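Shown next, in structure tokens, is the structure this report addresses.
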Amino acid sequence: MEISGLDTSSSGLDSSLSTQDLVNSDKEVIGAQVVTGSLDKLNSDSYGNTNKEYQMQKKVLMAEAVGKGSMLNTDA
């Protein structure tokens, strides 16, 4: 299946996704990147050093968002 030049058959993407689903997903990712970049700038000093408490919070929250270290839901 071809969506806007993207071959979903070999990319691992779900071919049942509509073009609108992909556009909405891209908007969410871009929005999250903008927010993350803004927060990074707000929590950095003029030399580019990042607040250590912010870095810790960011690592903990990011792990939850991407599922690192979480248990999988499986049926026993």
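Note that the coordinates shown come from a computational prediction; the quantities given were computed from them, not determined experimentally.
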_Euclidean distance, M56 CE relative to K59 NZ, rounded to 0.5 Å_ = 8.5 Å

_Taking side chain to side chain contact (heavy atoms under 4.5 Å, CB included) as the definition, give me every residue that meets it alongside S44, ordered by chain and number, with sequence neighbours left out._
T50

_Exercise: identify the closest heavy-atom pair between T36 and Y54_ = O-OH, 4.0 Å

_Just so I know, are the side chains of K58 and L39 near enough to count as touching, which here means a heavy-atom distance under 4.5 Å?_
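SC-SC contact between K58 and L39 ruled out.
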
_Residues in side-chain hydrogen bond (donor to acceptor under 3.5 Å, both in side chains) contact with N51, at least two apart in sequence or another chain_ = none

